[in-house]
Every structure is written in C-alpha cells, then in structure tokens.
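What follows is a short report on a single structure.
Protein chains get the first letters and strands the later ones, always in sequence-line order, with residue 1 at the start of each. Keep in mind that what you see is a predicted model, and the values were worked out from it rather than measured.
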Protein chains: 2
Amino acid sequence: MNGRFQIAVHILTLLHSAGGESLSSDFMAGSININPVLVRKELSSLRKAGLVQSKEGHTGGYSLAKPAKQISMADVYKAVEQAPLLGKARNTPNPACTIGKQINQHLNTLNKQLNDAVIKQLGYQTLEQFCNQFK
Amino acid sequence: MNGRFQIAVHILTLLHSAGGESLSSDFMAGSININPVLVRKELSSLRKAGLVQSKEGHTGGYSLAKPAKQISMADVYKAVEQAPLLGKARNTPNPACTIGKQINQHLNTLNKQLNDAVIKQLGYQTLEQFCNQFK
DNA sequence: TGTACTGTAATAAAAAAAATTACAGATGAA
DNA sequence: TTCATCTGTAATTTTTTTTATTACAGTACA
C-alpha cells in the first residue's frame, strides 16, 4: 500500500499556500519529508493530469495549473490512483473451479461501482476547501 | 497493497456455494490458488467478525455463520480492511512546516469520510446477491 | 558560462505481502 | 485407543512492492 495520494495532496496544498509563487521539488520534499525524486515523479503525474504546471531552468519550479477552487479531491485521486481500491489480488484463481473461473470478473464489477462512488464522494470537496482547514 | 478483500469474498462465495456443507481450508486454497495458511488466517478474521464458523478435528471445516442474505459486502470489508483506503503514507511530514504539521490530521478526516461512503456503498450489496451472479 | 532547476532512467535498500515450515490441539474413524 | 484429518498459530523465508539514491541530460537565467 503506497502513499501517493497523500503525497499528491501535500504537494498541492503546499503549492496553494505559496499563493502563485512557484516552489522547487527540493523545497516540497523537505516539508513532506521524502526523497525529491519521488516528489518530481508525483508532480509529473499531476502535470499530465493538468493540475500543476512546471518550468525548467534556473528560476524554474512548480505551481498550480488552475485555481484550487477548480480542483476537486476526485481530480487528485484520478491523477494518482492506479490500483483498485480494495486491493489487488496476486493470485490466479483456479480456472477448473466454477467459482474461481468467474470471481475476478464479478470482483472487477464491484470495484468499478465502488470506484464511481469514491469519485463522487471525493468530488464534493475542492482543494481550496481542504486548504482552508489549515490555520 | 494486499488482496485480503478479494480472498475473503472468494472464501465466502465458496462457502455459500457449498450450501451448508463445510469446506476445508485446503480445498478453498485450491480454488483461490494461494497458500492454505493464508486462507486459515483470513478465515480467522471472518470468524472473529461473526461471518463464518469453524469446527476443528477430523470432520472439521468451515461454513457460513449466517445466511448470505444477512451478510453485506460492507461486513466483509469491515472484517478484513485495516489500512486506509487511499493508502498509508510512511513519511513523517516536517513538523517545522505549517502544512506538514497539520496535514495528517486533515487527511485522516478525509479518509474517515471516504470510509463511511465506501461502507455505505458496499452495504447495498449482500453476499447472496453477489453469489447469484455466478452461473 | 556556470548555477539552479526539471525530467527520467537505473539501481539499491527497505518494507510489506505471501509462502512455507512447523507443530500443538481437536475430533472422529478405524 | 490410536491414527488420520482437520483447525489454529507462530516463526521464518521468499517474493514483490515501495521508497531512496545515484546519475545525468536538458533548460533557463543570472
């Protein structure tokens, strides 16, 4: 179980708190307390999802690509989550068994329904609302 | 990310399909295609949650502790899930940073809200309904 | 033109998950 | 009664995943 979502939220919160100023991956790594390369990797996902923008070179860094009001926690989730919510089984059920043969298909359906519910729930909260909790 | 939920559902589906007959952990391990000890560990959680019952000894084995109609997918989730849905960060954010100092608290709140939503969603489906999908 | 960045790839180290081994205890069958 | 077949766990090893580290090419500005 990894912590990509947490890291992504932490990054976005830092960027929002910077109020438009751009931040470097090294600076953010210091607040999150993880390796800067991981931060850049996460930022790469967030950039591809259109949530942050980056600038290379001397005065480079990262900033939000759009107002925090227009970024929902569902957007963050969609940007970083890859594995099914309820975990991913590494086994291959016995195809000679009636249950084993079909179970993955039904579990996938369940996972999809749940994923939709989670995205809906996370869609209720914006990054701005999340950040406003900080005093 | 582990596959405990999948395994638990697989176990319960097998037990339901057995129609009251008890099954051994070895038999179930064969359908799921994982180690029998893992199956017994999972069954241990399910037993503690009141979803299955077991009998030791020669003609021992496992069976459902109540009708599949009275077991919801939320019950299964609650019986086996331990880690937060969106993953668990292993870092300790920098306490000298305003954001770092508070972020875990706010992420926990978010996680709790999401957990409630997931339990609600999973509560809509019973084990019986899940099993009825199998042909 | 050198310094401070981003962007990745490749590799190593650490942590988590799963498999395996081992064995005590229960229960019914031979 | 004793043996075979189970459950229930603990301890250990193996495998897989996650995170950290190293390395370096490319960009932009001072």
Side-chain angles (χ1 to χ4, degrees), chain A residues 1-8 10-11 14-15 18 21-30 32-49 51-65 80-84 86-94, chain B residues 1-8 10-11 14-15 18 21-30 32-49 51-65 80-84 86-94:
Chain A
M1 182 141 285
N2 65 30
R4 291 189 61 191
F5 180 80
Q6 276 85 351
I7 290 168
H10 199 143
I11 287 171
L14 288 169
L15 292 179
E21 289 292 302
S22 79
L23 299 176
S24 74
S25 58
D26 267 41
F27 174 82
M28 293 189 268
I32 305 173
N33 197 18
I34 61 169
N35 194 282
V37 176
L38 265 194
V39 177
R40 293 206 286 272
K41 272 187 189 163
E42 212 52 54
L43 280 158
S44 178
S45 299
L46 294 172
R47 182 165 42 77
K48 281 165 190 160
L51 304 184
V52 309
Q53 58 196 180
S54 61
K55 187 184 159 197
E56 295 188 25
H58 196 159
T59 54
Y62 302 85
S63 57
L64 292 182
V80 306
E81 287 302 331
Q82 63 304 69
L86 295 174
K88 186 180 155 199
R90 279 175 272 280
N91 62 315
T92 39
N94 188 344
Chain B
M1 182 143 285
N2 65 29
R4 291 188 61 191
F5 180 80
Q6 277 85 351
I7 291 168
H10 198 143
I11 287 172
L14 287 168
L15 291 178
E21 290 292 302
S22 79
L23 300 177
S24 74
S25 57
D26 267 40
F27 173 82
M28 291 189 269
I32 305 173
N33 197 17
I34 60 169
N35 194 282
V37 176
L38 263 193
V39 178
R40 294 206 285 273
K41 273 186 189 163
E42 212 52 56
L43 280 158
S44 179
S45 300
L46 294 172
R47 181 166 42 77
K48 282 165 190 160
L51 305 185
V52 308
Q53 58 196 181
S54 61
K55 188 183 159 198
E56 296 187 25
H58 196 160
T59 55
Y62 303 86
S63 57
L64 292 182
V80 305
E81 286 301 331
Q82 65 305 68
L86 295 174
K88 186 178 154 201
R90 278 176 274 278
N91 61 315
T92 40
N94 189 344

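- Note: B:Asn94 CG to A:Met28 CE = 14.5 Å, rounded to the nearest 0.5 Å.
- With sequence neighbours left out, A:Ser44 forms a side-chain contact (heavy atoms from CB on, under 4.5 Å) with A:Arg47, A:Lys48.
- Take A:Lys55 and apply the side chain to side chain donor-acceptor pair (under 3.5 Å) test, not counting sequence neighbours, and it matches A:Thr59.
- When the local axes at the two ends of the helix from C:dT1-D:dA30 to C:dA30-D:dT1 are compared, using 5 base pairs at each end, they differ in direction by 10° after rounding to 10°.
- Rounded to whole angstrom, the span from the CD atom of B:Glu81 across to the C1' atom of C:dA17 amounts to 14 Å.
- Of the side-chain N and O atoms in B:Ser44, one or more sit less than 4.0 angstrom from OP1 or OP2 of D:dT9.
- With sequence neighbours left out, the side-chain contact (heavy atoms from CB on, under 4.5 Å) criterion links A:Asn2 to A:Arg4, A:Gln82.
- Remark: B:Lys41 NZ to B:Ser25 OG distance equals 12.5 Å, nearest 0.5 Å.
- Nearer the 5' end of DNA chain D, as judged by each residue's closest nucleotide, is the contact made by B:Gly61, out of A:Asn33 and B:Gly61.
- Comparing B:His58 and B:Lys88 by the nucleotide of DNA chain C whose heavy atom lies nearest to each, the residue mapping closer to the 5' end is B:Lys88.
- Remark: A:Ile7 CD1 to B:Arg90 CZ distance equals 9.0 Å, nearest 0.5 Å.
- Applying the side-chain contact (heavy atoms from CB on, under 4.5 Å) criterion to B:Ala8, with sequence neighbours excluded, gives B:Glu42, B:Leu46, B:Val76, B:Val80.
- Rounded to whole angstrom, the span from the CG atom of B:Asn91 across to the C1' atom of C:dA14 amounts to 15 Å.
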All N/O contacts under 3.5 Å from nucleotides 20-25 of chain C to the protein, with atom names and distances to one decimal?
from: C:dT20; atom 1: OP2; to: B:Asn35; atom 2: ND2; distance (Å): 3.3

